[in-house]
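Worksheet: the structure to be examined is printed underneath.
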Amino acid sequence: MIHPMKKKLKAFPAYDPAAIENKWQKKWTSKKIYKTKEDSRKEKFYVLDMFPYPSGEGLHVGHPKGYIATDIVSRFQRMNGKSVLHPMGFDAFGLPAENYALKTQTHPEIGVKKNVARYKKQLEILGFDYDWSREINTTDPAYYRWTQWIFLQLFKKGLAYQSFEPINWCPSCKTGLANEDLEDGRCERCGTPVEKKPLRQWVLKITDYADRLLNDLDAKANDKSILDWPEAIKESQRNWIGKSEGALIQFQISNSKESSNTQRNVEVFSTRPDTLFGVTYVVLAPEHTLVQELLSTVLNRGEVEEYISKAKLETEIERTDAKKDKTGVELKGIKVINPVNKAEIPVWISDYVLADYGTGAVMAVPAHDERDWAFAKKFKLPIKEVIAPLFVSEYSSDAWRSNEPEVIRPTVVCIIKHWSENKYLFLNKKGLADLGKDIVVGVAGGVDGDESYEKAGMREILEETGYKNARFVKSLGNPVVYRYYSKNGNQNRMALLHPLYFELIDGDHVEISEEEKKLHETIWLSEDEIGTYLAGRPFNPIFWERFKGNADAFTDYGMLINSGSFDGKTSAEVKRSITEYAGGSLKTTYKLRDWVFSRQRYWGEPMPLIHCEKCGVVAVPEKDLPVKLPKVTSYEPTGTGESPLVAITKWVNVKCPQCKGKAKRETNTMPQWAGSSWYYLRYMDAKNTKALVSAKNEKYWSPVDLYIGGAEHATRHLIYARFWHKFLFDIGVVSTIEPFKKLQSVGLIMGEDGRKMGKRYGNVVNPDDIVATYGADTLRLYEMFMGPFEQQIAWSTSSMVGSRRFIEKVWKLREKIDENGTTPTTNLAITKSVHRAIKKVTDDIQGLRFNTAISALMIAINEIDANSSIAREHYESILKLLAPFAPHATEELWISLGNKKSIHVSTWPKYDPAQVIDTEITIIVQVNGKVRGSFVVATDCSNADLELKAKSLPETQKWIEGKKVVKVIVVPKRLVNIVVV
RNA sequence: GCCCGGGUGGUGAAAUUGGUAAACACGUAACACUUAAAAUGUUAUCUUCGUAAGGAGUUGUGGGUUCGAUUCCCACCCCGGGCACCA
């Protein structure tokens with residue numbers, strides 16, 4: 001066969017990113033190749049970044065990581081024929097911009113403009129494919145008109161209400177804050193500990209949506225989970241919403257002292273109504289309204305008032321520190337009645353009870369709650385056990401059998417001390433069938449007839465160990481319940497294990513019976529060795545802790561004791577019935593609080609409300625929106641609980657839209673999170689002046705298919721946005737119940753020193769500098785290659801050269817294009833390499849595994865580079881695969897090959913399934929699980945042939961010679977394992 | 001304390017329906033090219049014993065299941081994150 005002479009391409013300039021990147025960015029913009037259209041013939045794909053908050057510091061290399069990922073996905077989807085929406089905008093209202101303005105003495109509007117321009121420039125040099133015609137800015141009146149519109153709808157539906165409750169107040173930022181804006185009791189912005197301050201404020205009723213926000217995290221639609229979100233973020237939201245199901249119980253105040261004619265109750269919320277018989281006192285939060293009402297009848301009024309005022313002075317951090325000592329005061333002279341047993345019990349106030357959770361009052365069950373336990377111990381209040389620990393045998397040989405009757409069996413379990421040494425006597429029980437090994441247990445046995453526990457214990461000690469002289473010291477408390485199946489008795493048993501403590505007086509003992517010997521042998525354990533005993537049975541640790549005097553509240557579920565007719569039932573069984581018996585009702589509460597929506601600051605969306613002297617609070621008519629933020633020269637926060645807007649009388653004083661009488665505008669502004677709670681909708685129809693989004697566009701683009709951003713927004717932006725979206729769904733503005741179908745969090749890029757990248761550590765790497773030295777394509781490639789996308793990784797400028805070398809390798813490979821090879825058959829090996837790369841890169845981009853997609857490309861390039869030439873078609877396929885990652889270099893190469901249209905509007909390559917299947921495969925040969933050799937065979941080689949071949953290898957022979965082959969495991973296409981003895 | 005992630009060479013990491021651990025890349029070393037350096041290329045690079053052939057060990061620790069475990073099970077240690085006096 002005659003080889004055609006290879007016609008090589010003309011010489012081509014060396015790779016110089018500076019010479020091509022800016023050129024292509026301009027061309028792409030002028031040719032509008034990224035212009036987004038609502039094309040009904042095409043499938044849509046909406047890929048979204050969490051839009052940035054433009055600070056004065058500009059972007060560092062960590063910021064674009066997520067943007068690079070969405071850029072790759074959007075280019076990939078476009079090349080796959082989708083109509084792609086990949087927009088960008090800016091979130092610029094709120095404290096950071098305003099505080100920056102105050103510091104630099106420039107109006108926030110000017111600062112924001114400057115910062116946005118800088119951010120845009122930084123983004124542009126990275127070559128992103130944003131359609132800037134849909135850019136939004138939350139501070140633009142044309143945008144916040146719709147933020148105000150949504151607020152008005154919330155107001156009209158009663159979901160925005162005025163409240164005067166004490167809220168979190170940051171004394172440094174001089175504004176009220178939502179719970180979500182706190183970090184460990186401090187202002188998330190400035191780190192100042194927050195105070196509680198009563199304030200007139202607007203609050204959004206997010207709690208109305210608590211259940212849906214929780215349930216829809218796992219909602220199913222069309223047989224698949226509609227929320228493809230990282231489990232960690234879902235879990236954070238579940239924690240934040242904090243649903244707990246319990247009961248409301250009334251404790252009637254007994255009126256023995258005063259002749260009061262109104263019957264008063266203390267209402268408590270508890271998740272453990274099963275412990276009601278163990279309630280020995282009730283605790284109210286110091287702020288509880290009932291406390292003020294009862295004050296006149298309290299005998300120690302002075303003491304109580306003093307405690308209340310002291311509690312008020314505490315910061316939230318001090319108050320909610322779980323580690324601090326419990327404090328409290330009894331309301332002397334006040335008693336309440338436990339509804340289940342009519343016991344008269346005392347009432348206390350303590351700051352460990354939170355006023356704004358549940359009912360602000362708790363029923364204290366010290367035996368079964370750690371906090372109540374600590375409180376009762378400190379104030380010497382009675383502790384009454386009502387839940388016995390309950391264990392079910394975990395061994396299959398004596399597992400509970402549902403078709404057999406259950407018999408209650410009083411039993412004793414003994415801890416026995418040596419007569420002179422610090423050792424304890426146990427039994428080493430031989431061979432439980434399904435354990436195959438011994439376990440260590442205490443001396444134990446059933447109580448016969450009306451025998452006392454002490455007597456039963458002594459009898460068992462004699463029978464099982466032979467020791468004659470045991471002295472009963474004490475009982476170790478209430479029984480523990482153990483359910484198992486007795487093979488001897490052919491019955492399920494509910495053993496009530498009474499723990500007893502004995503000491504041997506001397507070593508005098510007799511031989512134990514042969515029968516007993518077969519079952520176990522006696523064993524002495526020192527305290528160090530006691531661990532083997534603890535592992536023997538699940539209840540052993542409980543007995544031991546009791547013996548050592550370390551036992552505290554038992555907080556698990558179990559079996560009821562000392563609870564009247566409920567005795568013998570499990571916690572789960574009685575939850576409802578005991579609640580009803582107590583006259584209470586089941587109730588669900590949430591940790592999630594309503595969203596404090598007012599900020600007493602200048603730089604935010606004005607609330608479109610008017611306070612009229614006659615009509616009260618009146619909504620600004622929709623036609624008058626937006627209510628523009630007035631331009632002012634002084635916007636310093638007042639600190640009085642009023643916004644600085646109060647001073648702008650020209651703006652504040654208006655006519656009431658209803659009665660035309662005197663009225664004032666609402667001067668509170670919205671929080672930073674308002675604009676970002678719906679911005680993803682605006683991109684769908686950014687220029688619409690009639691609606692926040694047209695129904696048509698909303699239907700076309702919803703929901704967001706892929707949303708990428710930082711995990712730090714898990715319990716703020718992502719909860720708020722879901723809340724607003726659900727509300728907009730309810731009023732018919734949007735068509736989906738969730739806004740973001742797939743969410744992916746970006747792992748932070750840390751500084752080279754491993755610390756968070758930021759000005760304060762002086763470890764900031766500026767992307768502009770990296771682009772100037774290495775080029776945007778290298779930066780993009782490196783950030784995606786660093787490691788798994790969601791993982792936090794330290795930046796390393798020196799590692800970046802690998803990515804640059806890779807692009808240069810691709811660049812140089814252009815010389816090897818064989819222009820004569822008109823069909824892609826130049827080289828079979830290359831064909832396979834390319835098709836494998838197409839498959840892997842395609843799969844990995846879809847799975848957001850960018851690091852392995854790039855490594856697959858590197859492998860392909862290395863394989864191709866080892867050959868002397870490459871077919872043009874293959875080279876172009878590789879360029880296309882690389883195009884989303886390195887858009888500039890690939891475009892330059894693509895166009896240089898004579899292509900007329902941009903590579904970014906070309907079609908993504910398809911792989912031939914036949915080309916990704918191997919015809920030959922390496923089979924591993926193991927002897928006793930250790931790799932001893934390998935051989936190459938055709939993929940379809942039969943198992944018998946594989947075995948034969950494996951055995952005949954000289955490497956194998958060496959290991960099986962003179963041994964007996966017991967077993968041969970053949971795994972087709974993988975390995976042969978020969979087991980010999 | 002509870003709940004989520006995670007722990008693999010000198011470094012970033014790859015590999016999971018259980019089947020050759022360390023792909024790809026950085027770094028390092030030697031060699032080639034060069035007057036020289038850089039760049040580039042070639043080779044080597046988990047640890048350990050051995051001149052070598054070859055052996056042994058190794059995925060946080062300790063057990064278990066299995067012919068075979070980074071992968072599954074049990075217990076524990078460490079790191080990151082969320083919640084936390086939430087009754």
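All chains are named by letter (A, B, ...) in the order of the sequence lines, taking the proteins before the strands, and each is independently numbered beginning at 1. This is a predicted model, so every value here is computed, not measured. Scope of the values below: all heavy atoms of this structure, side chains included, with no hydrogens, waters or symmetry mates.
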Notebook entry, point to check: Can you name the ring-ring contact (aromatic ring centres under 6.0 Å, His included) partners of A/Phe251, sequence neighbours left out?
Noted result: none
Where do N or O atoms of nucleotides 2-6 of chain B meet protein N or O atoms at under 3.5 Å, pair by pair?
unit_1, atom_1, unit_2, atom_2, d
B/rC3, O2', A/Glu235, OE2, 2.6

Note to self: Filter on salt bridge (charged side-chain N to carboxylate O under 4.0 Å, His left out), then keep only pairs touching residues 267-285 of chain A, sequence neighbours left out; what's left?
What the structure shows: A/Arg272-A/Asp274
Check: Taking only residues two or more places apart in sequence, or in another chain, which ones meet A/Lys243 in a salt bridge (charged side-chain N to carboxylate O under 4.0 Å, His left out)?
Finding: A/Asp211
Note to self: Tell me every residue that passes salt bridge (charged side-chain N to carboxylate O under 4.0 Å, His left out) with A/Arg836, counting only those two or more places apart in sequence or in another chain.
What the structure shows: A/Asp918
Margin query: For a quick check, with a 4.0 angstrom heavy-atom cut-off, what is the B/S/- contact string for nucleotides 62-74 of chain B, read 5' to 3'?
Written below: -----B-------
Next item on the list: Just call it for A/Ile924: base, sugar-phosphate, or nothing, with non-hydrogen atoms closer than 4.0 Å on any strand.
Entry: base
List, one per line, each side-chain donor-acceptor pair under 3.5 Å for residues 923-932 of chain A, sequence neighbours excluded.
unit_1, atom_1, unit_2, atom_2, d
A/Asn928, OD1, A/Val980, N, 2.8
A/Asn928, ND2, A/Val980, O, 3.3

Next item on the list: List in chain and number order the residues that pass ring-ring contact (aromatic ring centres under 6.0 Å, His included) with A/Phe789, two or more places apart in sequence or in another chain; answer none if no residue qualifies.
Entry: A/Phe850
Notebook entry, point to check: What is the base-pairing partner of B/rC2, counting Watson-Crick and G-U wobble geometry with both distances under 3.5 Å?
Noted result: B/rG82
Margin query: Does anything in residues 274-283 of chain A come within less than 4.0 Å of RNA chain B? Heavy atoms only, and list the residues if so.
Written below: none
Next item on the list: List in chain and number order the residues that pass ring-ring contact (aromatic ring centres under 6.0 Å, His included) with A/Phe885, two or more places apart in sequence or in another chain; answer none if no residue qualifies.
Entry: none
Margin query: At 4.0 Å (heavy atoms only), tell me whether A/Lys973 reaches a base, stays on the sugar-phosphate, or touches nothing.
Written below: nothing
Close N or O pairs between protein and nucleotides 57-59 of chain B (under 3.5 Å):
unit_1, atom_1, unit_2, atom_2, d
B/rG57, OP2, A/Lys930, NZ, 3.2

Checklist line | Aromatic ring proximity, centroids under 6.0 angstrom, A/Phe375 and A/Tyr281 | finding: yes
Every protein N/O lying under 3.5 Å from an N/O of nucleotides 40-47 of chain B:
unit_1, atom_1, unit_2, atom_2, d
B/rU40, OP1, A/Arg805, NE, 3.3

Checklist line | Shortest side-chain distance from A/Arg932, nucleotide among B/rG55, B/rA84, B/rA87 | finding: B/rG55
